[in-house]
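Take this structure first; my questions come after.
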Amino acid sequence: ALAQLPTGAWLAPTRCAGWRARDVLAHLTDTATRRLAAQAAPPGPESPPLLEGPALLALIHRLNAEGVATRRGLPLEHVKQEAREASQALVAWAEGVRALQAPARFPVSWAGQRASPLWLDLAREYMERWLHQMHIREAAGLAPERLLASAFYLPFLNAAAQALPALYHSVIANEGTCLALRAQAGALRWQCKLVRFGKSWQLAARGPQASAVAELDGARLWCLVAGQWPKAGQEGLFIRTYGHQDLIAPLLRWRAFVV
């Protein structure tokens with residue numbers, strides 16, 4: 001569907017401040033190109049120091065802005081062709097990965113990790129491309145249902161849930177305390193449980209009876225984890241809660257992107 005968009009649709013503004021749809025496409029090309037170059041480069045004798053917090057955010061914003069700016073003067077057809085080629089190369093690399101438990105070149109910072117398995121790094125890459133395709137579809141006026149189908153949306157949500165243990169790290173609760181999350185979007189049904197074990201919170205397929213339940217608007221849940229929803233005072237449109245409210249409050253800070 002995106003390949004058939006008229007030229008005018010690619011000039012439409014998106015949720016990404018200052019970016020039109022073609023800029024988002026250019027960003028996807030840039031990130032794919034940088035990712036493939038990093039994977040191809042041999043590791044140095046010493047790992048560079050990990051950036052965190054504002055320093056990491058500033059670096060990401062600078063690289064993203066530079067990658068988009070270099071493509072703004074190019075013809076749209078060139079941008080689209082470059083995007084196709086970069087996407088195909090990225091998919092080919094990802095499909096060739098076998099050692100999914102091997103350490104990733106870059107840790108997934110929003111999961112609170114200083115070292116991450118490669119499978120989570122790949123999931124992060126998938127989320128990035130899912131999110132920005134949604135941005136383009138939204139700007140072009142295309143219905144979101146295709147990306148909200150279980151085959152595409154469940155992997156996104158399951159990956160985003162990996163941020164929850166770190167989000168709840170400072171929340172003190174008794175052993176076995178359970179928070180249940182549920183979401184629905186059309187035919188899609190998603191749920192997960194976050195359970196207190198020892199001194200940490202862990203995702204669990206099954207768990208004890210929930211001390212608190214959060215029913216989330218599945219069609220807009222992606223906005224929350226991307227830092228684009230809810231706005232202050234509008235939380236009630238997005239989430240219904242039951243049980244201990246102190247377990248619910250951190251959810252509004254749930255992010256699975258560096259924003």
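Reckoned from all heavy atoms, side chains included, excluding hydrogens, waters and symmetry mates.
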Mark yes or no for whether Arg72, through its side chain, and Val68, through its backbone, hold a donor-acceptor pair below 3.5 Å.
-> no
With a 3.5 Å cut-off and no angle check, do the side chains of Arg35 and Gln39 form a donor-acceptor pair?
->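 There is such a pair (donor and acceptor under 3.5 Å, judged by atom type) between the side chains of Arg35 and Gln39.
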Are Leu28 and Ser87 side-chain neighbours, meaning at least one heavy-atom pair lies under 4.5 Å?
->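 No, side chains not in contact.
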Can you tell me if Arg98 uses its side chain to pair, donor with acceptor, with the backbone of Glu95 under 3.5 Å?
-> yes
dist Met127:CE -> Phe257:CZ (nearest 0.5 Å) comes out at 4.0 Å
Tell me whether the centres of the aromatic rings in Trp201 and His169 are closer together than 6.0 Å.
-> no
Is it the case that one hydrophobic cluster holds both Val195 and Tyr168, taking links as side-chain heavy atoms less than 4.5 Å apart, direct or via other members?
-> no
Is Arg182 atom CZ crowded by more than 12 heavy atoms from other residues, nucleotides or ligands, each under 6.0 Å away?
->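 Open.
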Arg240 CZ: over 12 foreign heavy atoms closer than 6.0 Å =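 It does not: Arg240 CZ has 12 such atoms or fewer within range.
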Are the side chains of Val108 and Arg124 in touch, meaning some heavy atoms are under 4.5 Å apart?
->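 A side-chain contact under 4.5 Å exists here.
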Can you label the angle between the Trp130 ring and the Trp222 ring as parallel, tilted or perpendicular, going by 30° and 60°?
-> perpendicular
For the atom pair CZ (Arg220) and CD1 (Ile239), what is the distance rounded to the nearest 0.5 Å?
-> 12.5 Å
Between Ser116 (side chain) and Gln113 (backbone), is there a donor-acceptor pair under 3.5 Å?
->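 Pair absent, no side-chain N/O of Ser116 close to backbone of Gln113.
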Rounded to the nearest 0.5 Å, how far apart are CG of Leu216 and CD of Gln184?
->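 One gets 12.0 Å once the value is rounded to the nearest 0.5 Å.
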Looking only at heavy atoms, which two atoms of Ala86 and Leu36 are closest? And how far apart?
-> O-CD1, 4.3 Å
From His27 NE2 over to His135 NE2, what is the distance, rounded to the nearest 0.5 angstrom?
->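 If we round to the nearest 0.5 Å, His27:NE2 and His135:NE2 are 9.5 Å apart.
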Do the side chain of Thr14 and the main chain of Ala139 share a donor and acceptor less than 3.5 angstrom apart?
-> no
Check whether any side-chain N or O of Asp30 sits under 3.5 Å from a backbone N or O of Ala26 as a donor-acceptor pair, and report yes or no.
->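 Here the side-chain-to-backbone pair does not exist.
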Would you find more than 12 non-hydrogen atoms of other residues, nucleotides or ligands less than 6.0 Å from Gln191 atom CD?
-> no
Would you find more than 12 non-hydrogen atoms of other residues, nucleotides or ligands less than 6.0 Å from Gln209 atom CD?
->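 No, because the 6.0 Å sphere around CD of Gln209 holds 12 heavy atoms or fewer from other groups.
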So, for Ala111 and Ala166, which heavy atoms are closest and what is the spacing to 0.1 Å?
->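 Here Ala111 and Ala166 meet closest at O-CB, 3.5 Å.
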Going hydrophobic residue to hydrophobic residue with side-chain gaps under 4.5 angstrom, can you get from Leu252 over to Val213?
->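 No, separate clusters.
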Give a yes or no on whether Leu120 and Leu157 share a hydrophobic cluster (residues Ile, Leu, Val, Met, Phe, Trp, Tyr; joining criterion: side-chain heavy atoms under 4.5 Å apart).
->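 As far as the 4.5 Å side-chain criterion goes, Leu157 and Leu120 are connected within one cluster.
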At their closest point, which heavy atom of Arg255 faces which heavy atom of Leu224, and how far apart are they?
->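 So the minimum-distance heavy-atom pair works out to NH1-O, 3.2 Å.
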Do we see a donor-acceptor contact under 3.5 Å between the side chains of Gln81 and Glu77?
->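 No.
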Do Cys192 and Leu164 come within less than 4.5 Å of each other through their side chains, counting heavy atoms only?
->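 With C-beta onward as the side chain, the pair touches.
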Assess the side chains of Glu66 and Thr70: does a donor N or O sit below 3.5 Å from an acceptor N or O?
->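 No, because no side-chain N or O of Glu66 sits under 3.5 Å from a partner of the opposite role on Thr70.
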Run the salt-bridge test on Arg196 and Glu175 with the 4.0 Å N-O cut-off and return the result as yes or no.
->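 Salt bridge between Arg196 and Glu175, a charged N being under 4.0 Å from a carboxylate O: no.
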Report whether Tyr126 and Leu203 are members of the same hydrophobic cluster (ILVMFWY, side-chain heavy atoms less than 4.5 Å apart, transitive linking).
-> yes
Interatomic spacing from CZ in Arg20 to CH2 in Trp10 - rounded to 0.5 Å |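 Going from CZ on Arg20 over to CH2 on Trp10, the span is 12.0 Å.
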Side-chain touch Leu221/Trp254, heavy atoms, less than 4.5 angstrom | yes
So, Thr177 side chain and Ala173 main chain: donor-acceptor pair closer than 3.5 Å or not?
->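 No; judged by distance alone, with no hydrogens or angles, the pair does not exist.
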So, do Leu148 and Met134 sit near enough that their side-chain heavy atoms are less than 4.5 Å apart?
-> yes
Would you say the side chain of Pro250 lies within less than 4.5 Å of the side chain of Val171, judging by non-hydrogen atoms?
-> yes
Of all heavy-atom pairs linking Gly218 and Tyr153, the shortest is O-OH, 2.6 Å
If you round to the nearest 0.5 Å, how far is OG1 of Thr31 from CD1 of Ile60?
-> 11.5 Å
For Ala38 and Arg105 the tightest heavy-atom approach is O-NH1, 2.7 Å
pair Gln133-Leu2: side-chain heavy atoms closer than 4.5 Å | yes
Between Cys223 and Arg15, is any pair of side-chain heavy atoms under 4.5 Å apart?
-> yes
Would you name the heavy atoms of Ile248 and Ala214 that are closest together and state the gap between them?
->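 Heavy atoms only, the tightest pair is CD1-CB, 4.0 Å.
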